[in-house]
There are 2 protein chains.
Amino acid sequence: MKAVKAEIIAVGTELLLGQITNTNARYLSQQLSYLGIDVYYQTVVGDNLNRLKQAIELASSRADVIVFSGGIGPTQDDLTKDALGEVLGRSLHIHAESMQAVEKFFEGRDKPMTENNRRQAIILENSDPLPNEAGLAVGVAISQDEKHYIVLPGPPKELQPMFENQAIPWLLEHVLTDEYPIYSKMLKFAGIGESALEDALLDLISAQTDPTIAPYAKEGEVTIRLTTKAPDEKEAMSKLKAMEAQIRERLPDYMYADQNITIEHQIIQMMTGMKLTLAAAESCTGGLVMQNLTTIPGSALVFMGGVVSYSNEMKEQILNVPHELLEGENAPGAVSEEVAEVMADQARLLLDTDFAVSVTGVAGPGSSERKPVGLVYIAIAERDRQTEVFKLNLKGNREAIRIRSAKSLMYRLWLRLKQRENEQLAAQS
Amino acid sequence: MKAVKAEIIAVGTELLLGQITNTNARYLSQQLSYLGIDVYYQTVVGDNLNRLKQAIELASSRADVIVFSGGIGPTQDDLTKDALGEVLGRSLHIHAESMQAVEKFFEGRDKPMTENNRRQAIILENSDPLPNEAGLAVGVAISQDEKHYIVLPGPPKELQPMFENQAIPWLLEHVLTDEYPIYSKMLKFAGIGESALEDALLDLISAQTDPTIAPYAKEGEVTIRLTTKAPDEKEAMSKLKAMEAQIRERLPDYMYADQNITIEHQIIQMMTGMKLTLAAAESCTGGLVMQNLTTIPGSALVFMGGVVSYSNEMKEQILNVPHELLEGENAPGAVSEEVAEVMADQARLLLDTDFAVSVTGVAGPGSSERKPVGLVYIAIAERDRQTEVFKLNLKGNREAIRIRSAKSLMYRLWLRLKQRENEQLAAQS
């Protein structure tokens, strides 16, 4: 297999002004690396025809595959296709199907379609159009002189489906013809940091050849991507599953999913399957736990609702937290094991759910009860079971403490649900 | 003033593999644009000496200022200073003060300093060292053949203070000697889209010379940055404020702040000033409104709490929404003007606050009440005033509908608070 070299050219003056971050370059680099294509350069150039043409010429001299993001919208500033056409000596024309999509989009609108929107349907002479599932600007793929050019839109929500559904099959057909296809699998972890996870898997990661193991941490969750090449899906899956089994065996209490979903998503799925309902009472997280849960489509079957009890009055009035727990010389105070427990219990009773979770803590900056910033109590109430309370000492700023509190709570809930699943399985067998 | 052109070179194979996002390029582009320096290219190159040298030679041929991020750590992969030394024909040597800092760092540690850490104290012959406040690797600034090179570390928490505290003064002294400093001001807008805002300001934006006007939209808010150059702050502020006044006059009901804060932040500030309290009842947004409010430090003085009433049972039990509004053949249903109104009223009564907001709608995918996805009702209840309800027809996916619902609600609340401020001012005069 000969190595295929790629260059990514992101087009847009807004990138050079620092108005937006070039997240497309990262996404495309990642995707190309999964395909076994080596990215040697990422370039950003403004909406300027001459500099854009120079960038294309330079990239053509040093890469086999050149992937563009941006500069294919309706305005006169959108010059990517014009520049590529000039460099390759190809004329531009309107792609009829894409033009129909543009016209249809404007049919139902108050405002008439302006003439410049026709630009979004342009493709190069003898190129392959890449349909846009999430927007109007059509993409382009074209080969010339053993170089391959893929033109994608700038908005990530348009670029990503176009790359995955249109560009990858095109690359497999036109560029990666002598290679095995790439297969990958995502594993998700919670309750463990990236470095502890790496430590636990160090020998596997160091020895990695096939499948490769790439860990990545973000907002209280760690993702591992396993990647392999194989002649067919069956062989690939058997290699990926063997590695997954090794990893799961080492970290059974941390790996919550074998696909790229949040822990809230996993919880909603498990609870939907077990026909369980959930309520929440939040203090310092201020709605973050509920917001993360309700982001998941279908969460309404599981999550019944909850309360943000930001003030002590609210804790007393709605959650029936006894006044003597909250105020007075010897009261444990709002940030305490006792209050976390009552909050979870009362949320569960109020909504008559199978489970309820609660969180109360000091997210900072500053503290009202002379308790340290980062002290957080989380609790899980379950019908006919003892309520569990956990004490956390978290580090970071207000936002980090809120995110980690919410994720720790979800991690503990997931452990409980897993235990329950195991008990049910044991009872059945 | 002659235009100064810059290129940013980010060094690191991890960027080309898509393991990290090149946030430094955005940060540096922004900072350079504030300084009046035009960034023409951003380049990313891996940890490869030859390709790095080629990138430096290319950048030297097309830019006046070349700013590097990354590749100055302790490992053999960190090659930025080596490559620059070779291109400029300058030897490398250890900078004594920086070496002391490295040694001091390892003194208090369990592990001894490994030899490769000496690399972090390297500078080029006859270059200016840029001290690192947050790490060990020293930066470098150097001029040769009327080109200027600034080498910064990769981690943003090291790069940013080094750029602001070391590189900017160096650029002002060595490069921007005949220029006035840059001043800028952010204006924030809600309730209006980026294109409608641009339409309203088109003549100002087209004619923009000084101050310049740069709009940018993100998640239901639009930001405008005004930028000017002036000999001193007083003159700059007078120019910026004159432009701000023109813009505000055209869009008085959309411009909510003259600094870069969210609309929730502005609301918390206004309500804190007016000693007003707030509660919330959310259905389809599932906690997003409360989560956005409680992100703001100090929000506990204003925001008392609220309810996520995801199920009809919860709407009935906690918010006292009459059963006949929710269910039955002729019931308006949970997504209705009537229910939004009761939710806001009851949340306000429950928490005895001055204001309460509510939102109920269909975020999708799919709808239970045969109402279209994107139909949302928002309401604002105020003590001793008529509750207002607004109907929204939103487009987009579940997440977009949730975000737009939350931001529309905040926009309406801000309008009410502004009206109240105006009434109070009128009553006083």
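Order of the sequence lines fixes the chain letters, A, B, ..., with proteins taken first and strands second; residue numbering starts at 1 for each chain. Owing to the predicted nature of the structure, the values given are computational and were not obtained by experimental measurement. Values below: every heavy atom of this structure, side chains too, minus hydrogens, waters and symmetry copies.
Chosen from S309(B), G286(B), C284(B), the residue pairing most often with chain A at heavy-atom distances under 4.5 Å is G286(B). Annotation: maximal heavy-atom pairing with chain B below 4.5 Å, among M314(A), E399(A), K157(A), occurs at M314(A). Options A281(B), P365(B), S29(B) differ in how many heavy-atom pairs under 4.5 Å they form with chain A, and the most are formed by S29(B). Heavy-atom pairs under 4.5 Å with chain B peak, among L350(A), T277(A), D352(A), at L350(A). If you tally non-hydrogen atom pairs under 4.5 Å between each of Q19(B), E313(B), E7(B) and chain A, the highest count goes to Q19(B). Ranking L288(B), D38(B), I318(B) against chain A, the residue ahead of the rest is L288(B), based on heavy-atom pairs under 4.5 Å. The most heavy-atom pairs under 4.5 Å with chain A, out of N48(B), L15(B), I8(B), come from L15(B). Chain A forms more heavy-atom pairs under 4.5 Å with one residue of N292(B), I296(B), T223(B) than with any other, namely I296(B).
By the neighbour-count criterion of 12 heavy atoms within 6.0 Å, atom NZ of K53(A) is densely surrounded, having more than that number from other residues, nucleotides or ligands.
Heavy atoms closer than 4.5 Å to chain B are found in the side chain of Q317(A), but not in its backbone. For chain B, the nearby part of L58(A) is the side chain; its heavy atoms alone come within less than 4.5 Å. In this structure, chain B has no heavy atom under 4.5 Å from any part of Q31(A). The contact between T294(A) and chain B is made by backbone and side chain atoms together, counting heavy-atom distances below 4.5 Å.
With hydrogens and angles disregarded, no donor-acceptor distance shorter than 3.5 Å links the side chain of Q42(B) to the backbone of T43(A). Distance alone, capped at 3.5 Å, places no donor-acceptor pair between the R26(B) side chain and the N22(A) backbone. Judged purely by atom type and a 3.5 angstrom limit, R398(A) uses its side chain to pair as donor or acceptor with the backbone of T295(B).
Atom CG of residue L16(A) and atom OG of residue S33(B) lie 10.5 Å apart, to the nearest 0.5 angstrom. Remark: Y40(B) OH to T13(A) OG1 distance equals 10.0 Å, nearest 0.5 Å.
Interface residues of residues 298-308 of chain A toward chain B, defined by a heavy-atom distance below 4.5 Å and sorted by number: S299(A), A300(A), F303(A), M304(A), G305(A), G306(A), V307(A), V308(A).
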Apply side-chain hydrogen bond (donor to acceptor under 3.5 Å, both in side chains) to residues Q291(B) and R402(A) and explain how you reach the verdict.
CA-CA 10 Å; Q291(B) 139 69 7; R402(A) 285 158 53 96; 2.6 Å; yes

Do T21(A) and T21(B) pass the side chain to side chain contact (heavy atoms under 4.5 Å, CB included) test, and can you show the C-alpha distance, the side-chain angles, and the key distance before you say yes or no?
CA-CA 8 Å; T21(A) 305; T21(B) 305; 3.6 Å; yes

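In this structure, the side chains of Y41(B) and R51(A) come closer than 4.5 Å at one or more pairs of heavy atoms.
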